[in-house]
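Any value given below was found using the heavy atoms of this structure, including those in side chains, with hydrogens, waters and symmetry copies removed.
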Amino acid sequence: MNGRLFATSVVVLLLVSTGVGALSSTASSKKPVTIKLAHLYDEVSNPITYAWIQEMIKGFEKEHPDIKVKQEIFRYDRIDSRAMMDLRTGTRHDVMFSTPQLMPKHRLVGDYISLKPYIDKWSEEERADFSWSPVWNKSYPLGIPTGMHTRMVAYNRDMFKEVGLDPDRPPQNLTELVDYAKKLTRDTDGDGKIDVWGLGMYFGSERATVELYFAPLLWNYGGQLWDPETKKAAFASEAGVKGVQFLYDLVYKYRVTPEWAASGTYGDLERRFLDGKYAMAMGWGSYWIRDLEDKGLISGCFPPTAECKAPKAGVFLYPTKNNEIFVNTWSLSIHKLSKHPDESFEFIEYVLEPDNLLTFPDAGLPARASLWKRPEYNTDFYKTWHEAAKHGRPMPSTARYPELGDTVAAAIQEILAQKAPIQATLQRYQEEYNAEEYNAAYGR
Amino acid sequence: MHKHKLLPYLLLLPTIAVLAIFLIAPIVSAFIMSFQDIPFGEVIGFVGIKNYRVLVGQERFYKNVLYTLEYLGGNIAIALPLAYLAAILVSSKFRGTVIFRTIYLLPWIMAPVVTAVMFKSMLDPACGPIPVLLEKLTGNSYSFFTNPTLSMLTIIVHSAWRSFPILMLFIAAGIATIPKELYEAAAIDGAGPWKKFTNITFPLTLPQVFIALVLITAWTIPDCEGPFALTGGGPGRSTEVLALRLFKDAFINYNLASAATTGVILIIIGIAIVVAYLHILRGGGK
């Protein structure tokens, strides 16, 4: 009897537990899915963009109550390598901010999924809204650009007037750039030392040295950093020597750029221009438009309005042959280990909505062509930026780009800081890069 | 009886396990990785000593080693005497030594990146107080980060300034253990402060100096934070120490095999230097 009772109890318990399990599994299917968003904006160092991210999450979660977004914050120069390393360690991410110039490396590592199946569902019009930009091909299909980081030469209009230059007619070519810089380089207090440098630049040990200065000059003289056919570095060419010679002359021959431009950080360029130590600043990023506004050099331009005016500071295109400049962006990608790629793409699509992208403080410039048609982007100030963006050119499509950038930056810094011979130094660094078996084997 | 013999080993087991997981396993892993081809984090296979052959075949590698030794030598030359002087000061009976002890510890408790930013501000070529002062004194302008010698000097001074407080504590602890009777006896024999230092203090604190020497070596050889934050290895590559090269390879260029190989070489260099210290110390003992 006891045995029968025991057996019956077991059966009942099993049935109950199965029922509870089934119920709980039904309930769990209704549980919100949590996706992780890896970005680079913390509350302390970038409160404005951090606030924008919070707005995006809040808005998305309101529209999609079944999807929750959890944040992960990484340093801007760590986020890409984090994605790659975490693929190997099995650490899951979902939506990630990514860098277009590192996409060839991501492609080889395989840490991002292709977004093609999702984008194929877009209308032709929607696709064309993005695909016009020079950063699209560098990102797609592993990422979608959120904006466009473009560079120009910023100049102080008041200083132009003070030395008798027409602020409405900025330099048109490199010769004029040097002439203007000579006039603008001044000892304002008569102590024998230069107080205002005509042309601010940055030649430190960061890739900005290559991307913002050397590469545009190299392109100007018809050269290239890396040869896609031989898969080898090609910067020590005649064009490369001419490019570095131009930079060298700015420092030592014309003395319009300080020797210490070969040290510090790229951020020093911005600080010194805003402080009035540089009359012109080459390599001024579209992500610094806000700082011009904060300093009162422009008004109504950030956030962009139809009343945007630039009374005290202007910008002009690089006065090189084809006005070519380096453009990049922050793209949005989905990590290979994501368990919720569909929900992740829903979040990406939410962020890419025109009104959301428009308010992204770190976008630089709009990645959507349709946004450029809005009145706030049809001011003279933004038309100039738009023109520059159209002349955008990416960095070489090699997975070994970080090493290439590091090598070229070190070569240029050595030449400019130590007055090393240009041709021999470029050649030595190029040989070092090309001799590296790893670069040769995986430089595709 | 048998139980008593086992107990100490059982008590040591957790420590051994922790050391095995957090110290030995990464070293073994790095050692294995240094013999592998790992493009973009994916292990393709064993390549024997190829990674070592590639690394030692580079002129850049020898410069990295040379700069590492310069960095270490300079750091020891500045930090150790400074730590000894500070230890004597904080061990003395002067008033206010507690304040000095606290002030001296400040560099140690601050994050290296924070102190590096402080150094950078002080050495800013346009408005930093040190270049401005030097220019007023000598009439020449100084740009610390565009001059290879001054750049190396900067990373050395920064590291020495950060290292000396903890070395000071070790040496001060050694000074505190010296019996007062020895100084009293020496005073009766007519020994002055210098004689007391050379015949009592210094010989009796040699073990602590040795520990300090080993510690500073162990910290300096793998240090990349200071050089990275201050110079980024520049100008050119004139301050690219091996640890910085490793950091760039691993975390910027994602060349894990090269980074692991450099790591193993760093360990070998560290061991070789400590063995040399031991040899010198034993020789000194004879």
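Side chains of P235(B) and E414(A) form no contact here, defined as non-hydrogen atoms less than 4.5 Å apart. When side chains are defined from C-beta on, R237(B) counts as touching Y429(A), because their heavy atoms get closer than 4.5 Å. Between E259(A) and S143(B), every side-chain heavy-atom pair lies at or beyond the 4.5 Å cut-off.
Residues that satisfy the side-chain contact (heavy atoms from CB on, under 4.5 Å) test with L167(B), not counting sequence neighbours, are A79(B), L80(B), A83(B), A212(B), L215(B), I216(B), W219(B).
Contact of K193(A) with chain B is made through the side chain alone, with heavy-atom distances under 4.5 Å. Proximity to chain A is absent for every atom of S141(B), based on heavy atoms less than 4.5 angstrom apart. Heavy atoms of D80(A) lying under 4.5 Å from chain B are absent altogether.
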Contacts under 3.5 angstrom, residues 247-258 of chain A side chains, donor-acceptor by atom type, not counting sequence neighbours:
residue: D249(A); atom: OD1; partner: Q245(A); partner atom: NE2; Å: 3.0
residue: Y252(A); atom: OH; partner: L416(A); partner atom: O; Å: 2.4
residue: T257(A); atom: OG1; partner: L199(A); partner atom: O; Å: 2.8

Please set out all donor-acceptor pairs under 3.5 angstrom arising from side-chain atoms of residues 262-276 of chain A, sequence neighbours excluded.
residue: S263(A); atom: OG; partner: W260(A); partner atom: O; Å: 2.9
residue: T265(A); atom: OG1; partner: G267(A); partner atom: N; Å: 3.4
residue: T265(A); atom: OG1; partner: D268(A); partner atom: OD1; Å: 3.4
residue: Y266(A); atom: OH; partner: G283(A); partner atom: O; Å: 2.5
residue: Y266(A); atom: OH; partner: Y287(A); partner atom: OH; Å: 2.7
residue: D268(A); atom: OD1; partner: R271(A); partner atom: NH2; Å: 3.2
residue: D268(A); atom: OD2; partner: T265(A); partner atom: N; Å: 2.9
residue: R271(A); atom: NH2; partner: D124(B); partner atom: OD2; Å: 3.3
residue: R272(A); atom: NH2; partner: D124(B); partner atom: OD1; Å: 2.8
residue: R272(A); atom: NH2; partner: D124(B); partner atom: OD2; Å: 3.0

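Counting heavy-atom pairs closer than 4.5 Å to chain A, the top-ranked of the candidates G233(B), A126(B), C127(B) is A126(B). Ranked by heavy-atom pairs under 4.5 Å with chain A, the list G57(B), P125(B), S238(B), S258(B) is led by P125(B). For the set A420(A), A409(A), A410(A), A411(A), the count of heavy-atom pairs under 4.5 angstrom toward chain B peaks at A410(A).
Across all non-hydrogen atoms, the minimal contact from S205(A) to T231(B) is OG-O, 3.4 Å. The minimum heavy-atom distance between A250(B) and M85(A), with the atom names listed, is O-CE, 3.1 Å. The two residues R78(A) and F251(B) have their closest heavy-atom pair at NH2-O, 3.9 Å. Between Q413(A) and G234(B), the shortest heavy-atom contact is OE1-CA, 3.5 Å.
Taking non-hydrogen atoms and a 4.5 Å limit, the residue list of residues 146-153 of chain B in contact with chain A, ordered by number, reads T146(B), P148(B).
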*Test side chain to side chain contact (heavy atoms under 4.5 Å, CB included) applied to R88(A) and I38(B), step by step*: CA-CA 11 Å; R88(A) 305 296 177 214; I38(B) 319 172; over 6 Å; no
*Show your reasoning for whether side chain to side chain contact (heavy atoms under 4.5 Å, CB included) applies to E432(A) and R60(B).*
CA-CA 8 Å; E432(A) 178 195 290; R60(B) 181 181 172 188; 3.7 Å; yes
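Checked by atom type and distance alone, the side chain of Y254(B) never pairs as donor or acceptor with a backbone atom of S81(A) at under 3.5 Å.
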